[in-house]
Every structure is written in C-alpha cells, then in structure tokens.
Amino acid sequence: MAEKIKKIGILTSGGDGPGMNAAIRSVVRYSLHYGIEVSGIMRGYQGLLEEDIIPMGHRSVSNIINRGGTILKTARSKEFGTDEGKAKAAAIIHKHNIDALIVIGGDGSYQGSTRLYEKFGIPTIGLPGTIDNDLNGTDQTIGCSTAINTALESIDKIRDTAQSMERVFVIEVMGNKSGYIAMEVALAAGAEDVIIPERQFNYEAMHQEILDGNKRGKISYIIIVAEGAAMAPIVAENITRYTGVETRYVVLGHVQRGGTPSGQDRILSTRLGAAAVDLILNGYFGKAVGVLEDEINVIDLKDASRRIHADMDRRYELLKILT
Ligand code: F6P
C-alpha cells in the first residue's frame, strides 16, 4: 500500500448516468474498509472550484445503490475547462489534503482529469461514467445498459401505435457523437433502420425501401436516429416528402439518463469503484479503469477518450438481414 494516501476525493462530472451512485457507494465503503477517508466533491469540477466538499461516511451512501442520478450531483464547468481553473482546482485539492482524486465521468471529464494529472500533478483515476459508451478500455460504461433498456421500453410502446396506425416512426436517441446506443437499441428493438455517425447513410435507399414496402403492404417502420448523426424531425419530414407515408418522430432525450440502474450497471459500478481504490492503494495514477471481457482492465487516462466502435458495419448488415 502506498503509505501516504490518507484521503481520497470523489466527484461525478458531465452527464449523469444510472449506476453512478453504486460507484460512489463502492468507492466510499471500500476506502473506509482500508482506513482511507473519503471527501465527496459536489457538482463535479465546479463544486471543487467552489470548495463544496463534504466528508463521506459509511451511512452517507446507504440506500443509494438502486437510485439513478448521482447524490454528489454533477455539472459541466466552464471555469475548470481553462488551465487557470485547473491550477485553482489543484490548489484546493492540496488545501483539503486530498491525496488522490477519483473522477466518474465521460469523455470531457476524462480529458479534464488527464490534464489535471499531467500538467498539475494531481493523482487521478477515471471511472467511465456516461451512458454513451464512448470510452476506451472498457466494454461498457456506467449507465449505458440502463439507458438502452429505458429507450427500449419506450420504443416497444411506440411500435404498438406505429403498427396500429400504419405509420413510420423516427426515434432519436442520445449518445453524443457515438452511435453505440442507437445501434444497440435498433438491434434490440428489431428496428427497420438506424442512422449513426459512424456510417454514411443512404437516405434515398431508405425512402425507396419504404416505398417498395408500401407496395407490398408494409407500412409501419421504426427508424432509430443517433443524435450525433441527424435530427429526427428533419429525417421524418423528408420521409413524408419523398414517400408520402405518414411519419411521426419522437426525441427520447433525457429520459434515457434517469431511472433505476440495471443489474449490469450496478455490478459494473460496484466492481469499478473498488478497482479504482485498489489502483490508488497500489500507487497507480493517471489511469482509467474499466472491465474488458469480464476482467478489470486499466489503461492510461489519456488513451481512454473517444472510443470508436469498430464493428458498426457488421451490426448494420445484421440489422438489415433481420428486418
Ligand atoms: O454524455 C451524456 C449525454 O447524455 C449525451 O448523450 C448527450 O449528448 C449529452 O449528455 C446531453 O447533455 P446535457 O444534459 O448537458 O444536455
């Protein structure tokens, strides 16, 4: 064990995701088990800059494993985005005797913690907390499994009305610049098509397919759109314009970020929280922790940003074969 670690700081940053609370619980209780104090930093990097820092005991994380959101709250901080902001954050970390910082967040939060580590020497560990599943070094990020299930619940309901009223539905899902949620949701919902940023999409072919289907009596379609690829209202308007088929759109939006975390997210978060503390205990910093092929996996924080899922073409092919 690295002797000097007496206190760990923990924050959640960027978009919240179901499972973050389970990760906080794991970090707090695992640290306390090893005699390390934990400071909870409220509202991400912004709360750090405002010294909104609270001590966390065993009971402070009671009854949160099943709750969505994050008890530490979260934010996107403009001030922390600057090097001046990071220098101020580093000084506050020292002032509060925080020996290492665990950041639960997504791409932007990881970039911030990488800089905090590399330029300002703050020992940081990243935990992949984002519904987008766009980070390297882990099969899944915290919140993604729940977000997919939440989107599916709505899409299954939309399918009922789409079929009954013989309409095309265009459904937009979150994911920032990643089409991962959209692709998984499309496969799991049995959607007819999916538009994602990772692949060029042939709109003409889709319009033609709808027209051809129409002739055969197939009128209801579910088309999933990743927010990073297109806007559902425009896709829907163009379908009506080019095919004449009545089309509706739904933007699922932030509903995907809330709700009770799935079992998978709770387990992932629980394992990752403990693994992050283990890294600190063993003197590893500037690392991002994940789970790959069911094993804890560690990579450099600087390499964790911007995962591009490689097999989107194959998944798309499968989707089209199965429709
Ligand atoms: O990164 C998580 C995410 O939910 C993205 O999928 C989405 O693009 C973004 O956050 C939305 O951010 P905000 O809650 O600030 O609108």
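Counting convention: from 1, in listed order, for ligands and their atoms alike.
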**Asked** Would one find more than 12 heavy atoms of other residues, nucleotides or ligands at under 6.0 Å from atom CG of Asp160?
**Response** yes
**Side chains of Lys302 and Ser113 in contact at under 4.5 Å (non-hydrogen atoms)** = no
**Within 6.0 Å of OH in Tyr284, more than 12 heavy atoms from elsewhere** = no
**Message:** Taking the basic N atoms (NZ, or NE/NH1/NH2) and the acidic carboxylate oxygens, is any pair closer than 4.0 Å for Arg43 and Asp52?
**Reply:** yes
**Message:** Tell me which residues fall inside the under-4.0 Å heavy-atom shell around ligand 1.
**Reply:** Arg76, Thr130, Ile131, Asp132, Met174, Gly175, Asn176, Glu227, His254, Arg257
**Message:** Counting C-beta onward and ignoring hydrogens, is there a side-chain heavy-atom pair between Leu32 and Val28 closer than 4.5 Å?
**Reply:** yes
**Message:** Arg314: which residues meet the salt bridge (charged side-chain N to carboxylate O under 4.0 Å, His left out) condition with it, sequence neighbours left out?
**Reply:** Glu317
